[in-house]
Student: 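Please read through the structure below; I'll follow up with questions.
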Amino acid sequence: MSVLAGKELRIVGFLCNWCSYGGADTAGVARATQPTDLRIVRVPCSGRIDPLFILRALLHGADGVLVSGCHPGDCHYAEGNYYARRRLEILKQFLPVLGIDPRRFEYTWISASEGQRWQLAVTKFTQQIHELGAAPAFENAEKLIQIADMALTALRPLGTGQHAALADLKKAIVEKLPELDCVIGWQQSYDAAHSAPLFMRKPEDVEKLVWGPLNVNNLATYLPQYKGKKVGIVVKGCDSRSVTQLLQEGLINRDDVVVFSMPCEGTLDMARINQALGAYQHIDKVAYDEAGVSITADGKEHRFCMVEYAQGKCYSCATPGAVLADVRLGTPTPVTGTPATPPELALLDSMSLSERFAFWHTQMERCIRCYACRNACPMCVCRDYCVAESRDPHWLTQEDTATEKFFFQTIHALHLAGRCTGCGECQRACPVGIPILALRQQIARAVAQTFEGYRPGMNAKATPPLMGFTVEENNIKEKDWNK
Amino acid sequence: MSIVYYPGCSAAGTSSDYEKSTQAVCDALGMSFTPLPDWNCCGSTPAHATSTELSAALSVRNLDIAAKMGAEKVATPCPSCLSNLRLAKKRMEKPEFRARVDELLDEASSAELPQTYSVMQLIYEKYGSEFVAHRVQRPLKGLKVACYYGCLMSRPADIMADFGHPENPQVMESLLRACGAEVVEFPLKTECCGASHGIPERQLTANLSGKILETAQNMGIDALVAACPLCQMNLDLRQKQAGKAMGKEFALPVFYYTQMMGMAFGIKLSALGLNKLVVSPEPVLKKWQAALKEGVCE
Amino acid sequence: MITRYFPADALTKVVASLADERRVLIPVTQPAVKKSVIFAPFSAGMTVELHKASVAPKEAVLPQCETLLTYSKQKDAEDPSKVNLVLDDKPQAQPTIVFGCRPCDARGFAVLDRPYLDGPFIDPYYQARRKQLIVITQTCPSVGTTCFCHWVGSGPNSTTGSDIMLTAIDGGYVLEAVTEKGEALLAGMKLEDGAPFMDKAKTARGTVEAQLAPAPDLTQAQEKIAARFNDNTFWEEQTAQCLSCGACTYMCPTCYCFNITDEGDGVCKAGRRLRTWDTCMSPLFTREASGHNARMSKAQRMKNRISHKFSTYPENWGGEFSCNGCGRCINNCPVNLDIRAIVLAAINEKGA
Amino acid sequence: MRIGVFICHCGSNIGGTVDCAKVAALAATFPDVVYATDPMYTCAEPGQAAIEEAIKNYQLDGVVVASCSPRMHEPTFRRTVERAGLNRYMFEMANIREHVSWIGKDIEANTNKAAELVKMAVAKLRNNKALHAASFDVNKKVLVIGGGVAGIQAALDCAEGGIPVVLVEREATIGGKMAKLDKTFPTVDCSACILGPKMVDVAQSPNITTYAYSEIESISGYVGNFTVTIRKKTTYVDWSKCTGCGACTEKCPSKKTPDAFNEVTGLTTAITIAFPQAIPKKAVINAQHCKKLLTGKCGVCAKTCPTGAINYEMKDELVTETVGAIVAATGYDLVDWTQYEQYGGGRYPDVITSLQYERLLSASGPTGGHIVRPSDGKEPKNVVFIQCVGSRDRSIGRPYCSGFCCMYTAKQAVLTKDHMPDSQSYVFYMDIRANGKLYDEFQRRAVEEYGTEYIRGRVSKIYPDGKGHLIVKGADTLLGQAVEVEADLVVLAVGVEAAKGAARLAEKLRISYDSYGFFMESHVKLKPVETNTAGVYLAGVCQGVKDIPASVAQGSAAAAKVLSLFSKDKLQSDPQISQVDIKRCIACGKCVQTCPFGAIELFDFRGQQKARVIETVCQGCGLCTATCPQGAIQLAHFTDNQILAEVDALCQC
């Protein structure tokens, strides 16, 4: 049983019980004729509507979703619709990057007495969906492969940080070590071309500390596990934003963390480097110079200059020096200009909605649901109780369809809305190289446009935008059904 | 900050005394205005009575010349010109109105038209009462005066917002107090004197001006101080008609505030056009000079 | 056993001919900024290139998500309270060839055979697929930096788990059957005999063998790692950098743990019982219904993973390690955790 | 699970455009549905009996009724299933009337939509759990904020009902604005005579503890268990010793203190007792005008006080009270009328407010009831009253009518004639609002018997004519001409707004208020004395403009609400609230941060921090459930799984 073929489309309505559901009742009592497509799901408050309900509907066969709550200021629960207004606005700006037409989702405010306004809204919205026609099914999207052009101009000189004050850093760490449980840094892993996180507890551990473009891991992801213990951490600019965001959300205590920082000159994109190196058995030597690194593998030397092989995020990095630090070494590097659109997002911007749908379907088919993207993310603190693998609530099935995997990516992206600092670890950790960072970058762009240029992790005192509200919103305009 | 001066038609005619004293006071304060070349009448009451587009076109032509000269502000002594020039600029914000006005002009007016200010407001804002007091050489000791703005100076409230409370402006009071005069709070200072009804409805103006003069006289003041050519004419020139209408004998000199300020700045009385006043200012001048000689302090 | 030869340019044609009656899984490169090679069915128009796959061909016998059974509830028309359940639990399998995997992949099938087929309970779903599988393994042309197959009893030319060995020589490929199944397949292929090329093949195999650095002695691994069981500080230090994601286990040719869940349709009128890959590195692996979790910390989980591969599996299944030394868990680890380092540390370091 | 489905015809309201039988047949095919029928009127007696019958016969665990809006009959049907032994939350409704049958005539589409809504309801019901209301004990004690007539009435009624009352009044005496009135309309009986005895009752009632000259510092807790901190402002007089003899007020040298009680119509001493019938009749020192406190020199009152009650070092004191309910009766203040420059903006001494005129009329006022002009002390002949000053005026943001000004002006005009037989009163008005009992008759008497001249028109300007009179210029719209009155005294009927600080108090009470500061009632027509916050009630003008009889009535109404709340020993909390799954919670604190009611707290559970919901404070909005990333907190009856089931029922099959 489903909608009447040819006459109706699948439109889901989420209405708050106190105002809009009452408004729909008033319209009914007034016998106001309305199209029958829309089926109403009643919720206590528009604040109860998790944007993921809407994505769940849109990705599983809904052609359109309409949300309606009390007018801001009239909420029966005082603040429910203030939070809803921000979350739904960010969701609406998130849909295009997924390949879903934003006109398939609208949110509006209708009070219990506004029967005509409900009739107008449901009629206009149903018309709007019929003009768009049935929504394309994600499972049937055809194949499309596109690759982002990673080379961009950086906002500040990229280098290998060889003349950074590594010795001073080591001395500073040894000094602080006795009062700390451990200090987290980087060390060389199984060969000179790979680094790994280092947990320094004794002075001799500190000797292994390295600093350079191979320090790709964001060490802030380990901090929540050490809550309650005193711990030190060496940070690049992007890592410091993650530390600040953890502080903003109270997931770590400021006086338990000692932050060591040196100005970062960019990190290498190991995926592209391994691509260029191809199969090799042994790394003979890794030599650094001002502009890049030359790696000798199986006797053959390969030259990688930073300008061409840095990670995407390093080009548009505006905080090479740490945003927050207790021990700050080296001279801060000047940053000029405003960040250009990150490469992965620029690729998606260049595509049409249907192309993006196809692009993501092809990418998601390769996903093996290993959740490295989630576990590498410093902001993902739900750790063992992620909704991706739970039965109560049962958001995701264990089926390996592209839709389920794509739905997890939207869950992760929306859970990070206004919190993701763009450190790029999710994409770097993905073993099959799916460019999932673009989804988070689109939300970061929407958050910046909607909340006066807000960027997460820049100010430890700031409240993440979706965790608060203002009564008057400058950049969120109410839907005008008369236009 | 170039300010263009727009004298207005009456400056050359009926209120030449207001014009002379305004120029004198501005020179004394070192306030330089560049005169607006090839200016035309702002349309005054008849124009906006017939068609708002015509009235706006007349005013906009002046503002356009000023804009093309690169002027940021236009100064004018006359409240009627002030209100027309400001109203025109406000109405030009609507695109369809602007289009109709531009049709009447030789060429389309510039997008950004300068804002108009009364000379009194510019003096007060630029110099403030302390500086004016500092310039005073012969304070208006012994003179008890009341200020009369007329009904246009501070209205309509949304366009004249920067001039003070529409019912109770205080700019002229503070300037005259700075000049040493004893200023009485005159409750009818923004009531209408009858304006241009003096011609078609003589009796109406007589009543309205009569009431103003009667209340002013009851307050025992030496002189009424006005800032508008038309109000000054109704109160001074038509004082006898008003007296007849009220059945009272009025002998209340009506000065322009610039004349009073000129006197305080020590400018030669002849340069202030006092001779043009119908109700003789002599008793006020004698009382003032007497007070100055004896160094009488209140 | 019989041998065959075909020139290099005939590679795609040979695979195409195999693909007529069977599904042929070949390593297919997925273009991306970070390329990955995944075994995918051959279809017309593809050109075959033999690269080492990022993900093991385990999919051929143990798919990431397979339907164990489907159920639907039919209601009795007259009495809605009467419901009968229709079940269908027939295993689905199709004849498949894995073409061009590496010895460290093929050995994975052998490792999986033991628990699924040789144990007390034979898994019918696995068995159905395993029976119809033929493995054509390419002897390892180049050894990677993270390869350590020769540490664990395998090698670049190991034939364990393979039916036919394919060796690239200049100008062509030599096929050598190692099992009856392989021989039967080769016999049916109209290719020239491979005997004249065998010595060339042997030299090619030898050259790769020589590249290998000497392997450490892991014979004591089983006991030494078992002895490490209570040394918690050791495991905590070794696992400090692990993020407990699932990349290593899902890429591994020899991880065979799975999870079973029932997934219904919108209103649970019908549904499916799914078997999906599980990862022992995730806390959910040992979380019981009560919420108690035997292995709460990632150190315990890592201990279990290393011990299983190098101690308990050999103990249960006659001494063979259940790690093929393919190095995929090292390549794909987001924090570059090296299993070799842990094993060596467990064996050599003194300590409890 | 065994579900019964009832598709209601609602006569022809639904049956007319929905094939109910077909929907029932389709419903029978949904999973777990074991019984489906289509009764004619489900909400009627037979309909409900049929449901109870079916529950017994088919051992149903859940019921779905497809009929009208749940906002209408959900409570009815919940009681029905409860009577049959089912938990009332094992019940769902599908709205196939207002949202289906009444919005279109297309029978095929309506029937299909009705079936789908039933399928959604069944899908949700299959995830419902039985919910049980928690009960908690009630602290049967009430706090009344504001000692005006409404507050006094509420306090007395509650005390009468045996409930201990804590009455907090900001001024030094209770009585509020009514105590300042001389006479009251329409009976012209003396305000002090009818209010005084009630004030004395308050003082003498054993159940009422009065905190005068005190304000609410903070309020926490929930219905049945509020904790209130009260700030006893320092009076510099120890009220336990002060007998109210007034000796200090005679001797105090600082005679130029503005008399706040008399609306500054006169001056008084720094230490005062507001008015003779003040309750409590205790002295208070005005710190801004007391020489001793300002300069350290004086101390006359300390010397003269027979009981040594004066204490210059006395500080504010914070007192805590625990109560079960709160009645807000904070009354009103006059609009700041000095923004009307055309009425002199406060510069003309002879232009006074109606409240100041009330003090001039009052025998206990500064002039002993003798009406004089503040400027020269002479008796005025022409008294002009101007109505709607600061009411019905959109330009200053006060578009509403203040309700009682027309009536008190008529009364003041009558009293003016009484006091000064040869005086002449004029009233400039727009419309006379006299809609109470005996009101219009009283106003007619002011016109016909007392010769008050009513001029229908607005006043454009008041100005001194220089000879001691005030010229009141206005229009007379009935005669169609301008009019001027030479007035000796002008009384402005100033509009009313919420008492100063009402907004801040509303935030402490967690109730909402409108842009004028009036508190927001739960429903303007049906629940005028309740608010959206359980346990907080309203009385008097703080809820909106009203006259004394209405304020007294609301005082009693609020008291009735409190008494009914306290009639039960235990209070039931609404079970449709959030619950935390301790296992899943990682104490990230997001729910605590977003909960509008502060109903979630972090607590220590075996060494780990976990979130916990305070059942009685949670209102069931579900914001926390939408905020918690790992779904650790779920709003009962609207859990993620229930809503997902509805969405999946629509989108997936």
Side-chain angles (χ1 to χ4, degrees), chain A residues 60 145 147-148 150 182 184 189-191 193-199 201 217 221-222 269-272 274-275 279-283 297-298 312 343-344 362-363 366 368-376 383-385 389-391 397-401 425 427-435, chain C residues 30-36 38 51-52 54-55 63-65 141-147 211-213 237 240-251 259-261 263-264 266 272 274-277 279 281-284 287 293 296 298 328 330-338 340-341:
Chain A
H60 290 85
I145 290 179
I147 299 176
M150 295 310 281
C182 77
I184 313 170
S189 176
Y190 48 86
D191 64 33
H194 293 86
S195 69
L198 164 68
F199 294 80
R201 289 188 170 71
N217 307 83
T221 193
Y222 298 108
D269 184 340
M270 292 312 292
R272 286 193 283 137
N274 288 336
Q275 219 79 332
Y280 60 87
Q281 192 192 353
H282 185 256
I283 296 285
D298 292 353
E344 301 90 350
T362 320
Q363 295 291 343
R366 294 192 299 115
I368 57 168
R369 284 185 85 150
C370 67
Y371 292 117
C373 52
R374 175 192 67 190
N375 286 35
R383 284 290 170 245
D384 315 341
Y385 288 97
E389 297 146 317
S390 96
R391 303 287 297 177
T397 69
Q398 290 309 317
E399 310 215 12
D400 72 344
T401 61
E425 281 295 89
Q427 178 165 300
R428 188 188 64 76
C430 175
V432 289
I434 302 175
Chain C
Q30 309 291 332
V33 167
K34 178 180 193 174
K35 288 194 177 55
S36 59
I38 296 176
H51 299 292
K52 179 176 179 183
S54 324
V55 192
Q64 173 154 20
C65 170
S142 66
V143 173
T145 181
T146 55
C147 297
Q211 287 170 8
L212 289 172
E237 268 156 26
Q241 63 202 54
C242 167
L243 296 174
S244 38
C245 66
C248 49
T249 55
Y250 283 1
M251 312 297 245
N259 193 2
I260 295 185
T261 48
E263 300 295 357
R272 300 189 304 160
L274 300 177
R275 168 157 63 181
T276 50
W277 288 351
T279 166
M281 294 310 290
S282 153
L284 300 182
R287 189 185 325 132
N293 192 336
M296 204 52 187
K298 59 183 180 181
R328 286 196 178 85
I330 306 167
N331 290 342
N332 296 305
C333 175
V335 289
N336 291 338
L337 196 76
D338 185 347
R340 297 171 296 184

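Every chain is numbered from 1 and lettered A, B, ... according to where its sequence line falls, protein lines coming before strand lines. Since this is a predicted model, take the numbers as computed values, not measurements.
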Student: Taking side chain as everything from C-beta outward and backbone as N, CA, C, O, which of these in P283(C) sits under 4.5 Å from a heavy atom of chain A? Side chain, backbone, both or neither.
Tutor: side chain
Student: Go through the steps to decide whether Y250(C) and V432(A) satisfy the test side chain to side chain contact (heavy atoms under 4.5 Å, CB included), and finish with yes or no.
Tutor: CA-CA 11 Å; Y250(C) 283 1; V432(A) 289; over 6 Å; no
Student: Quick one: which of M296(C), M281(C), H51(C), R287(C) has the most heavy-atom pairs under 4.5 Å with chain A, could you say?
Tutor: R287(C)
Student: Nearest 0.5 angstrom please: R428(A) CZ to K34(C) NZ, how far?
Tutor: 7.5 Å
Student: Measuring heavy-atom distances to chain A, does A240(C) have an atom under 4.5 Å in its side chain, in its backbone, in both, or in neither?
Tutor: both
Student: Might you work through the side chain to side chain contact (heavy atoms under 4.5 Å, CB included) test for T362(A) and Q30(C), ending with a clear yes or no?
Tutor: CA-CA 10 Å; T362(A) 320; Q30(C) 309 291 332; over 6 Å; no
Student: Short question: side chain of R340(C), backbone of Y190(A) - any donor-acceptor pair under 3.5 Å?
Tutor: no
Student: Checking N336(C) side chain against A196(A) main chain: does a donor-acceptor pair fall under 3.5 Å?
Tutor: no
Student: Atom CG of D298(A) and atom CD of Q211(C): how far apart are they, to the nearest 0.5 Å?
Tutor: 8.0 Å
Student: Please report the closest heavy-atom contact between R366(A) and A32(C), naming both atoms and the distance.
Tutor: NH2-CB, 3.9 Å
Student: Distance check, rounded to the nearest 0.5 Å: L243(C) atom CG versus T221(A) atom OG1?
Tutor: 5.5 Å
Student: How long is the span from the OG1 atom in T249(C) to the CD1 atom in I368(A), to the nearest 0.5 Å?
Tutor: 8.0 Å
Student: Using a cut-off of under 4.5 Å for heavy-atom pairs, which of A372(A), G312(A), A279(A), A148(A) has the most such pairs with chain C?
Tutor: A372(A)
Student: How many angstroms lie between atom CD of Q398(A) and atom CD1 of I260(C), to the nearest 0.5 angstrom?
Tutor: 12.5 Å
Student: Using non-hydrogen atoms only, which part of R328(C) is less than 4.5 Å away from chain A: side chain, backbone, both, or neither?
Tutor: neither
Student: With a 4.0 Å cut-off, would you call E237(C) and R201(A) a salt bridge?
Tutor: no
Student: Which atoms of D400(A) come close to chain C, meaning under 4.5 Å heavy atom to heavy atom: side chain ones, backbone ones, both, or neither?
Tutor: both
Student: Of all the heavy-atom pairs spanning S36(C) and P431(A), show the shortest one and how long it is.
Tutor: CB-O, 4.5 Å
Student: For R369(A), is it the side chain, the backbone, both or neither that has a heavy atom under 4.5 Å from a heavy atom of chain C?
Tutor: both
Student: Measure C430(A) against the heavy atoms of chain C and call it side chain, backbone, both or neither at under 4.5 Å.
Tutor: backbone
Student: Is the backbone N or O of G246(C) less than 3.5 Å from a side-chain atom of Y371(A), with the two atoms forming a donor-acceptor pair by type?
Tutor: no
Student: When you measure from the side chain of E263(C) to the backbone N and O of E399(A), does any donor-acceptor pair fall under 3.5 Å?
Tutor: no
Student: Contact part of N217(A) toward chain C, heavy-atom cut-off under 4.5 Å: side chain, backbone, both or neither?
Tutor: side chain
Student: Can you name the nearest heavy-atom pair linking P197(A) to V335(C), along with the distance?
Tutor: CD-O, 3.7 Å
Student: With only heavy atoms counted, which part of S142(C) is less than 4.5 Å from chain A, the side chain, the backbone, both or neither?
Tutor: side chain
Student: Can you say whether T279(C) sits under 4.5 Å from chain A via the side chain, the backbone, both, or neither, judging by heavy atoms?
Tutor: neither
Student: Over all heavy atoms of both residues, which pair between Q281(A) and L212(C) is shortest? Give the atoms and the distance, please.
Tutor: NE2-CA, 3.9 Å
Student: Which distance, rounded to the nearest 0.5 Å, do you find between the CD of E389(A) and the CG of L284(C)?
Tutor: 4.5 Å
Student: For T397(A), which atoms come within 4.5 Å of any heavy atom of chain C: side chain, backbone, both, or neither?
Tutor: both
